[in-house]
There are 2 protein chains.
Amino acid sequence: MGENVKRPTLEAVAVRAGVSKSSVSRVVNGETTVAPEIRDLVLHAVRELGYVPNSTARNLATKRTNTIAIIISDPPAGLVSDDPMFSAVVRAASRELEAAGKQVALMLAGSPESQRRVEQYVAAGHVDGALLVSMHGADPLPALIARMGIPVVSHGRLAAPWLMPYVDNDNLGGAAQAVRHLLDQGRRRIATISGPLDMPAAQDRLSAYRDVLKDSGRRSIMAVGDFTRVSGADAMGQLLEDDPGLDAVFAANDLIAIGALRTLRRSGRRVPDDVAVVGFDDIEAALYTDPALTTVRSSMGDQAAATARLLLGLFDGGPADPVIMPTGLVVRESA
Amino acid sequence: MGENVKRPTLEAVAVRAGVSKSSVSRVVNGETTVAPEIRDLVLHAVRELGYVPNSTARNLATKRTNTIAIIISDPPAGLVSDDPMFSAVVRAASRELEAAGKQVALMLAGSPESQRRVEQYVAAGHVDGALLVSMHGADPLPALIARMGIPVVSHGRLAAPWLMPYVDNDNLGGAAQAVRHLLDQGRRRIATISGPLDMPAAQDRLSAYRDVLKDSGRRSIMAVGDFTRVSGADAMGQLLEDDPGLDAVFAANDLIAIGALRTLRRSGRRVPDDVAVVGFDDIEAALYTDPALTTVRSSMGDQAAATARLLLGLFDGGPADPVIMPTGLVVRESA
DNA sequence: TCCCTCTCAGGGAGCGCTCCCTCGAACCCC
DNA sequence: GGGGTTCGAGGGAGCGCTCCCTGAGAGGGA
């Protein structure tokens, strides 16, 4: 590959400019206690030599890395190939972090092996902070990371919320609103397809569903999904078998709802006439289903950006309080 | 935040084990020229002290970082919030790189400012190699990165293919197959909605469409999209206005096809009876449209993994030849 | 027995940067 | 004008690791 030109060092710049290393360092780091003429001398030499600071050396000396890890759980088998959540969250968080001048190290935490790798990496002092995304309840990683002595936040409440601050949606409120909407429309047999039960978001959405139904004296009917389309399709099939007379479904997320819609279509049900469907998240795809999906808006992107800001705030001694972002029902055609 | 326990250094281990730093270094790095008893002594001390090598120091000394940058273009305004491509590509590439013991630094390249940041970062010697994803034709970044003297590859052919090796789909073949399929079904007025014309993938899919039509003596009808659902919906509307009698559409990707389906539905056209639709990529969502989408399979994930392997191969003196991955038509209901 | 070779452990000079400390010069106030 | 401040430049000791080099000891051949 290319010519590995030896890059100029800070010392080379110092020699070139006829000043000391210290002065160059000061100028490069934007300290104000430098005489203008020296600053000019240095800046000139920097430009002439094309000097770029060696961040590795800087990291060694300062014991900071300027890097934030985004640690995101990785589905075991590559089940979910196109996960809107992944894209929205990683993008939004990265943007926010990069805008703050941080580097982003992406780490997938799936297999035990990869978990070890993540742990090692963080333990090795390679990052100044970490942002965890969509950890499952059984996951030991959050606890391990939390005790590493670096700022850590979670996108979404953890099963062990006390471990670190987090930013979450108002899952309870949003789900309650969705189910009440179904009730208001006169639906009598309202089923739900939940997310993976070891995830707090799924738990919240489920328990709000249950609470609202219980308050209205109705019986709940549920099947378990895992936040994917195929799980939604399967679960819908099971629900239809269990109770062919159901007239509404609250899906724990839009992907599940999309899967459910397909099964309903194939079983000959009309939506919303025979069965109403409500999703959760309001991903872009919800606008393109037939009929368009009524759903609960929870901007993953905004949430991720807020999570990143929470983390950045921690570095400046900001508050470590959990943040709950509002959700709201978006009524379209499916319910 | 937590107690910043000073982590033990290599020297501490050496003292503890009663050997020299050099020996500890050798053991830690798995060199074979170490007497078994010394190795045991060291390993024991490592375990006792919980020693983890400081990779920053190691990087400084070795002038390697063990880190690969995944540089991915970022849409200007946050248009695309859930981009299946992003998820599939980043996930697959990360997996492959992490499995090879590399660290992954994710960099979004969007605004000129962020481009500068990426350039600086790579120039600063922070990464050993880079993997570019979905660069647009006008993007100056590939050329800049290519001359940095580190191994670089591209996921998808660049507008300037000679800059670096790449892994691409057989866009030409896949698109040709799709259009021929439409022809074979007796469709007479076949339109296309292209991707952004500054991306080679979009160009190839478009030119294959044109070539096949020209060979069959048919006239081409096109609208330009940008690989998003909304652009597909808009372009479809325009197409319908331009030529209300069209009976087939070849969409440059599935997202566009999904958008087009919605517009067709709203305009009262039945798919495939009135208008046949073929997409490209075979993302998971293509299975859940109504009707299910006929499309060209091109596993983004496999392609990304192959790209990562190509890059890893470069470090070991492997070939720098472009790789073209096969595509194939998946016939479902929409055409 | 002597010499040469070979194997391995230890010593220590960097890698490029930061940051504390020293020290000269300029500046001030009575 | 003297003593005290202030300000800013330079010197140099690390940061934790790698890797070259030296040298001790073992082994082998004649």
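Just so we're on the same page: letters track the sequence lines, and every chain starts at 1.
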Is it the case that over 12 heavy atoms from other parts of the model lie below 6.0 angstrom from the CZ atom of A/R117?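 Above 12, so yes.
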Rounding to an integer number of Å, can you tell me how far A/L41 CG sits from D/dG8 P?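 Whole-Å distance recorded here is 17 Å.
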Expressed in angstrom and rounded to an integer, what is the separation of A/E31 atom CD from D/dG8 atom P?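 Rounded to the whole Å, the gap is 11 Å.
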Test your reading of the model: is there a side-chain donor-acceptor pair from [X] to the backbone of [Y], 3.5 Å cut-off?
X      : Y      : result
A/S154 : A/Y166 : no
A/D168 : A/R157 : yes
A/R58  : A/P53  : no
B/E119 : B/L141 : no
A/T65  : A/H126 : yes

For D/dG11, does either OP1 or OP2 sit under 4.0 Å from a side-chain N or O belonging to A/S22?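 No, no such contact exists.
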Against B/E96, only a single residue in B/R91, B/R309, B/K102 fulfils salt bridge (charged side-chain N to carboxylate O under 4.0 Å, His left out); can you say which?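 Single pass found, and it is B/R309.
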Looking across every strand, which nucleic acid part, if any, lies under 4.0 Å from A/N59 by heavy atom: base, sugar-phosphate, or nothing?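 No contact.
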When you match B/A57 and B/T32 each to their closest nucleotide on DNA chain C, which lands nearer the 5' end?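 Upstream on the strand: B/T32.
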Taking the nucleotide of DNA chain C with the nearest heavy atom to each, does A/T56 or B/K21 sit closer to the 5' end?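 With A/T56 and B/K21 compared, the 5'-side residue is B/K21.
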On DNA chain C, reading 5' to 3', which nucleotide is the first and which the last to sit with an atom under 4.0 Å from a heavy atom of chain B, could you check?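 Answer, 5' to 3': C/dC8 to C/dG16.
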B/R39: salt bridge (Lys or Arg N to Asp or Glu O under 4.0 Å) partners, not counting sequence neighbours: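 With sequence neighbours excluded, B/R39 shows a salt bridge (Lys or Arg N to Asp or Glu O under 4.0 Å) to no residue whatsoever.
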Roughly how bent is the helix from C/dT1-D/dA30 to C/dC30-D/dG1 end to end, in steps of 10 degrees, with each end axis from five pairs?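 Its terminal axes enclose an angle near 40°.
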